[in-house]
There are 2 protein chains.
Amino acid sequence: MSGFGPGDPFLADCPARLAVELIADKWTVVVLYGLSKGPVRHGELIELIGGISRKMLTQTLRRLEAHGLVRRHAYAEVPPRVEYELTPLGATLIDPIHMLTEWARANGDAVLDAIDADPEPVTHTD
Amino acid sequence: MSGFGPGDPFLADCPARLAVELIADKWTVVVLYGLSKGPVRHGELIELIGGISRKMLTQTLRRLEAHGLVRRHAYAEVPPRVEYELTPLGATLIDPIHMLTEWARANGDAVLDAIDADPEPVTHTD
DNA sequence: AGGCTAGGTTTCCGATAGGAACCAGCAGGT
DNA sequence: ACCTGCTGGTTCCTATCGGAAACCTAGCCT
């Protein structure tokens, strides 16, 4: 009835579930998108993304690095220069992410509209 | 150089950014996936997803409802029966989510492999 | 009456997110 | 020589989140 078979992603303790939890945080998708055009410096990402703190950027990049999606190049220069780029594995995530960006572009207004029509306690009335 | 134009999603204060933050939490994507086959009851989702608590399920569904992606049907029966289903807007998210599931299916092992090859302090060495 | 069911909420506590401030290391201005 | 600044990163502290378990409602069954 439910139509989900065994090994179905998301619904079990499988690699797919882990992969989803990998990207399901506030900044991962945005950072991957920021890296999608080629190597970018730490400071450039800060400017580009807007709203992310240095700490969260570093933390997100470190996790992506540990998961094999991003590669870090630290040049022994002064002032220090560090560039990040997608690995081939990380690059395979760009397509799904682009689908999300297109969805967002097309439906972002509809979501805002729904929020507007449904003023739930998103802002708590404390 | 960076190649991102004005109004580029993720990189600015636009509806797209909001939409991404909408789905960028631990359970939203999984719950949407669980709803992708048609109306499902609260309890079914608990069984189906595995690992989610009732609290987080309700919370996630409420947010999705407030954002116009999910519709709630509460039947005045005893014992109570509540069904959730995607709205047409919510259904438009299924395609991007399926791309993620396919990515995960194809690359989940590669991610696990990278983690294995890179035993970073995921478990802190305290 | 007491227990069962199913959805939901509350309470409590540990984990995490996030901003601000601080650190390292060297070049350049004064 | 010293102070400042640039760049990347880390530490401190707090607000929020996530999760387990208990409790609640309300009608049915035994």
Side-chain angles (χ1 to χ4, degrees), chain A residues 2 10 13 17-18 20-31 34-35 39-67 70-85 120-126, chain B residues 2 13 17-18 20-31 34-35 39-66 70-85 120-126:
Chain A
S2 62
F10 299 159
D13 184 27
R17 179 74 159 265
L18 181 146
V20 168
E21 290 184 9
L22 206 189
I23 65 157
D25 75 68
K26 187 169 180 179
W27 295 113
T28 300
V29 172
V30 189
V31 169
L35 292 171
V40 189
R41 298 181 59 173
H42 178 100
E44 284 180 303
L45 282 170
I46 294 277
E47 302 278 316
L48 204 57
I49 290 175
I52 195 172
S53 64
R54 274 192 291 262
K55 180 189 145 186
M56 289 318 294
L57 214 213
T58 303
Q59 193 170 302
T60 303
L61 288 166
R62 287 286 142 81
R63 173 162 46 204
L64 291 172
E65 197 189 358
H67 289 40
V70 160
R71 186 162 158 79
R72 194 183 107 111
H73 295 275
Y75 298 92
E77 302 175 356
V78 155
R81 184 163 64 96
V82 180
E83 279 186 352
Y84 294 91
E85 68 177 333
E120 292 289 312
V122 175
T123 15
H124 55 187
T125 9
D126 186 12
Chain B
S2 63
D13 184 27
R17 180 73 159 266
L18 180 145
V20 169
E21 290 184 10
L22 206 190
I23 65 156
D25 74 68
K26 188 168 181 181
W27 295 112
T28 299
V29 172
V30 189
V31 169
L35 292 171
V40 190
R41 298 181 59 172
H42 178 99
E44 284 179 303
L45 282 170
I46 294 279
E47 303 277 317
L48 204 57
I49 290 174
I52 195 172
S53 62
R54 275 194 290 259
K55 178 183 138 186
M56 290 317 295
L57 215 213
T58 303
Q59 194 171 300
T60 303
L61 288 166
R62 287 285 142 83
R63 173 162 44 205
L64 291 172
E65 197 188 358
V70 161
R71 186 164 159 77
R72 194 182 108 111
H73 295 274
Y75 299 91
E77 301 174 357
V78 154
R81 183 163 63 98
V82 181
E83 279 186 353
Y84 295 91
E85 68 178 333
E120 291 291 311
V122 176
T123 14
H124 55 187
T125 9
D126 188 9

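Small disclaimer: the values here were computed from a predicted structure and weren't measured.
Of all nucleotides listed (D:dG8, D:dG19, C:dA17), C:dA17 comes nearest to the side chain of A:Arg63. Nearest to the side chain of B:Lys55, among D:dG8, D:dG19, D:dC12, sits D:dG19. The listed nucleotides are C:dC22, D:dT7, C:dT9; the one nearest the side chain of A:Pro79 is D:dT7.
In this structure, CD1 of B:Ile46 is placed 14 Å from P of D:dA21, rounded to the nearest angstrom. With rounding to whole Å, B:Met56 atom CE is found 11 Å from D:dT16 atom C1'. To the nearest angstrom, P of C:dG19 lies 12 Å from CD1 of A:Ile49. One atom, CG of A:Leu45, and another, C1' of D:dG8, lie 12 Å apart when rounded to the nearest Å. We find that NE2 of B:His42 is positioned 18 Å from P of D:dT25, with the value rounded to whole Å. Nucleotide C:dG7 holds its C1' atom 14 Å from the CD atom of B:Glu47, rounded to whole Å. Atom NZ of B:Lys26 is separated from atom C1' of D:dG18 by 7 Å (rounded to the nearest Å). Per the geometry, CZ belonging to A:Arg81 stands 17 Å off P belonging to C:dC26, to the nearest Å.
Residue B:Arg54 holds its CZ atom at 6.5 Å from CD1 of B:Ile46, rounded to the nearest 0.5 Å.
Regarding contacts with the backbone of C:dG18, a side-chain N or O of A:Trp27 is found under 4.0 angstrom from either OP1 or OP2. Phosphate contact (OP1/OP2 of C:dG7, side-chain N/O of B:Arg41, threshold under 4.0 Å): present. The phosphate of C:dT9 (OP1 or OP2) has a side-chain N or O of B:Arg62 nearer than 4.0 angstrom. Dashed line: the shortest gap from a side-chain N or O of A:Ser53 to OP1 or OP2 of C:dG19 is under 4.0 Å.
For the pair B:Val78 and A:Asp25, both in contact range of DNA chain C, the more 5′-proximal nearest nucleotide belongs to B:Val78. For the pair A:Gly51 and A:Arg54, both in contact range of DNA chain C, the more 5′-proximal nearest nucleotide belongs to A:Gly51.
Within 4.0 Å (heavy atoms only), B:Tyr75 reaches no atom of the nucleic acid at all. Within the 4.0 angstrom heavy-atom criterion, no nucleotide atom of any strand lies near B:Glu77.
Comment: B:Arg63 does not engage B:Glu65 in a salt bridge, judged by the lack of any side-chain N to carboxylate O separation of less than 4.0 angstrom.
B:His42 has its side chain within reach of B:Thr58: a pair of non-hydrogen atoms, C-beta onward, lies under 4.5 Å apart. At a threshold of 4.5 Å between non-hydrogen side-chain atoms, the residues B:Thr28 and B:Val31 do not count as touching. B:Leu61 has its side chain within reach of B:Leu45: a pair of non-hydrogen atoms, C-beta onward, lies under 4.5 Å apart.
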